[in-house]
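Structure first, commentary second.
Model, not experiment: these values are computed from the prediction. All values below were derived from every heavy atom in this structure, side-chain atoms included, with hydrogens, water molecules and symmetry-related copies excluded.
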2 protein chains.
Amino acid sequence: MEFIRPLRDFLKSKYPFLSDEDISMVMSFAEIREYPQGEQLLREGETRRILGFVLEGLVRVYFLRDGVDYTFDFREQFEIFGNLDSLLANVPTTRFIEVSTPCRVLMIDYDELQTLTTYNDRIETIRVHILQENLIQSIQRVEQYISLKPEERYLKLLAERPALPNQVPLKHIATYLGVTAVSLSRIRNRIKSD
Amino acid sequence: MEFIRPLRDFLKSKYPFLSDEDISMVMSFAEIREYPQGEQLLREGETRRILGFVLEGLVRVYFLRDGVDYTFDFREQFEIFGNLDSLLANVPTTRFIEVSTPCRVLMIDYDELQTLTTYNDRIETIRVHILQENLIQSIQRVEQYISLKPEERYLKLLAERPALPNQVPLKHIATYLGVTAVSLSRIRNRIKSD
DNA sequence: GATATGCATTAACTTTTGTTAATTAGTCAG
DNA sequence: CTGACTAATTAACAAAAGTTAATGCATATC
């Protein structure tokens, strides 16, 4: 499969201590799947315990509050997604995961990965690393909601994910930023006038 | 020391798998210290790698952006504080930790705790548990900044920490919520009128 | 006691955001 | 091609938040 080569390369550059056998070991428990735009990979209330790795495409994580759709996160190529809070607390998930642009995704059962880690310390290191990266990112996001204006948050998001406005409706970007779609539209208008 | 009794009780109720020897083991590497209001336990840029446990009092975590003080977190009795992102990424901290009301604090060197965990699996479990709790809390906070109005965030904070307005200046609560002190004052005024 | 300092509130005004609705453009199904 | 649907923008107005400054209050300092 031609998708595995770039994945191997990526993993080995990010985690140089991994051997080819380590990667094969993980792969043997993972599934590569393709999903069309709009597909739901996980729904609120489900107890399936999965981690995903985006090989191609864009995935959106969101939740509903009072019937309103709030975007929690975007995940693109070579990023890991999963509702870690529900995996760690072992409770049903509160967030949906859906495919925003057609995706090729590597899916792995979190508990099977957990089992692998008892045999292989390097895979355990990766599991811990995923948790740590998520914690660090969450902390940074809290800091940003506290100290940045919506416009600044938008510019920051654009810098990190320049292609995003072409990949998802702006209304989903708006809720990610904590504002309404109308307000984001005005922010974009203001920015243009420079 | 009479502060250790309630601490032991708390730890054993939260982590029932701990033996008295486990707790003593951690204690032997920890220091109980008292600090007056206003004391700084950690400063931006420092590389000291510490975790703290509040035995009594209230601690505030904050950061500076463009010279402005933004409150990142409050920690009260029986809560753990520490700049986990800098501990995990092994970089100097970006956040200050200061004493808001006179405190009795148990301080432990994170790396010494780390060393303990190689000899004692139950202590490792606690270390991991601390990280997981922090991740879960951070995720919930991101969700709240996205989907709740400042007034709702204030009411939620009050429900969680009812004593807070008597313990810290309101301006610090305001920045925690992501608004100005003037705005929080108006929110409080609005709430009174019920 | 007089003065200085810091904090919360209030006021006055500006800016931004929320809300609702209308408009426009694009996509899809028949 | 037409009608239905969705998304983005724009308009108009209301509500909320930011900004600056003034006031009152408590506390600390001399």
Side-chain angles (χ1 to χ4, degrees), chain A residues 36-40 58 60 62 64-71 74 96 98-102 144-158 163-194, chain B residues 36-40 58 60 62 64-71 74 98-102 144-158 161 163-194:
Chain A
Q37 181 174 341
E39 187 91 358
Q40 303 237 8
L58 181 77
R60 183 174 77 98
Y62 68 98
L64 298 179
R65 175 117 62 190
D66 300 327
V68 181
D69 172 324
Y70 294 96
T71 300
F74 299 105
F96 299 79
E98 75 166 16
V99 169
S100 284
T101 72
Q144 288 172 19
Y145 286 107
I146 287 175
S147 65
L148 298 183
K149 295 183 249 194
E151 179 170 331
E152 295 170 313
R153 297 203 288 270
Y154 177 62
L155 290 171
K156 193 144 200 149
L157 179 62
L158 268 194
L164 204 56
N166 309 319
Q167 295 174 303
V168 295
L170 290 180
K171 60 176 183 170
H172 292 329
I173 300 180
T175 58
Y176 176 92
L177 298 172
V179 298
T180 62
V182 176
S183 190
L184 177 57
S185 182
R186 289 187 286 228
I187 288 170
R188 282 156 57 87
N189 204 321
R190 261 181 275 158
I191 290 171
K192 258 190 310 188
S193 323
D194 282 350
Chain B
Q37 181 174 343
E39 186 90 358
Q40 302 236 8
L58 181 77
R60 184 175 77 97
Y62 68 98
L64 298 178
R65 177 115 63 190
D66 301 328
V68 181
D69 171 325
Y70 295 96
T71 299
F74 299 105
E98 75 167 15
V99 169
S100 284
T101 72
Q144 289 173 18
Y145 286 107
I146 287 176
S147 65
L148 299 184
K149 293 183 253 194
E151 178 169 329
E152 296 170 313
R153 297 203 288 271
Y154 177 62
L155 291 172
K156 195 147 201 149
L157 180 62
L158 268 194
R161 307 193 187 276
L164 203 55
N166 309 317
Q167 295 174 303
V168 296
L170 289 180
K171 61 177 183 170
H172 290 150
I173 299 180
T175 58
Y176 176 92
L177 298 172
V179 298
T180 62
V182 175
S183 190
L184 177 57
S185 183
R186 288 188 287 230
I187 288 171
R188 283 156 58 87
N189 203 320
R190 260 181 274 157
I191 290 171
K192 260 191 308 188
S193 325
D194 281 350

Review item, nucleotides 9-13 of chain C N/O atoms under 3.5 Å of protein N/O:
| residue | atom | partner | partner atom | Å |
| --- | --- | --- | --- | --- |
| C:dT9 | OP1 | B:Arg188 | NH2 | 3.3 |
| C:dT9 | OP2 | B:Ser185 | OG | 3.1 |
| C:dT9 | O5' | B:Ser185 | OG | 3.2 |
| C:dT10 | OP2 | B:Asn189 | ND2 | 2.7 |
| C:dA12 | N6 | B:Arg186 | NH1 | 3.4 |

(request) Return the minimal non-hydrogen interatomic distance between B:Ala174 and B:Leu184, and the atom names on each side. (result) N-CD2, 3.7 Å
(request) Nearest 0.5 Å please: distance from the CG atom of B:Leu170 over to the OH atom of B:Tyr154. (result) 6.0 Å
(message) What is the distance, to the nearest angstrom, from the CG atom on A:Asp66 to the P atom on C:dT19?
(response) 12 Å
(message) For B:Pro36, is there any backbone N or O sitting under 3.5 Å from a side-chain donor or acceptor partner on B:Glu39?
(response) no
(request) Write down the atom of A:Gln144, the atom of A:Lys156, and the distance for their closest heavy-atom approach. (result) NE2-CE, 3.6 Å
(request) Give a yes or no answer on whether the side chain of A:Thr71 reaches the backbone of A:Thr175 with a donor-acceptor pair at less than 3.5 Å. (result) no
(request) At the 4.0 Å heavy-atom cut-off to chain A, mark where contacts on DNA chain D begin and end, going 5' to 3'. (result) D:dA7 to D:dA12
(request) Rounded off to whole Å, could you give me the CD-to-P distance for the A:Glu152 and C:dT16 pair? (result) 12 Å
(message) Could you report the tightest heavy-atom contact between A:Pro150 and A:Ile187, atom names first, then the distance?
(response) CB-CD1, 3.9 Å
(message) Between B:Arg161 and B:Phe74 (side chain of the first, backbone of the second, donor and acceptor by atom type, cut-off under 3.5 Å), is there such a pair?
(response) yes
(message) Without decimals, in angstroms, what is the distance between B:Ile146 CD1 and C:dG18 C1'?
(response) 18 Å
(request) Could you check A:Leu164, A:Val179, A:Leu158 and say which one makes a side chain to side chain contact (heavy atoms under 4.5 Å, CB included) with A:Ile173? (result) A:Leu164
(message) Less than 4.5 Å apart, side chain to side chain, heavy atoms only: is that true for A:Val99 and A:Gln40?
(response) no
(message) Just the rounded figure in Å: distance from P of C:dA8 to CD of B:Gln167.
(response) 14 Å
(request) Check for a donor-acceptor pair, side chain of A:Thr101 on one end and backbone N or O of A:Leu58 on the other, with a separation under 3.5 Å. (result) yes
(message) Quick check for you: among C:dT16, C:dC7, C:dG18, whose closest atom lies nearest to any side-chain atom of B:Pro169?
(response) C:dC7
(message) Once you apply a heavy-atom cut-off of 4.0 Å, does A:Lys149 come out as touching a base, just sugar-phosphate, or nothing?
(response) nothing
(request) Take the C1' atoms of the five end pairs on each side of the helix from C:dG1-D:dC30 to C:dG30-D:dC1, derive the two axes, and give their angle rounded to 10 degrees. (result) 30°
(message) Can you measure B:His172 atom NE2 to C:dC7 atom C1' for me and round it to whole angstrom units?
(response) 10 Å
(message) Tell me whether the side-chain N/O atoms of A:Thr180 come closer than 4.0 Å to OP1 or OP2 in C:dT17.
(response) no
(message) When you compare the side chains of B:Tyr176 and B:Arg60, does any donor N or O come within less than 3.5 Å of an acceptor on the partner?
(response) no
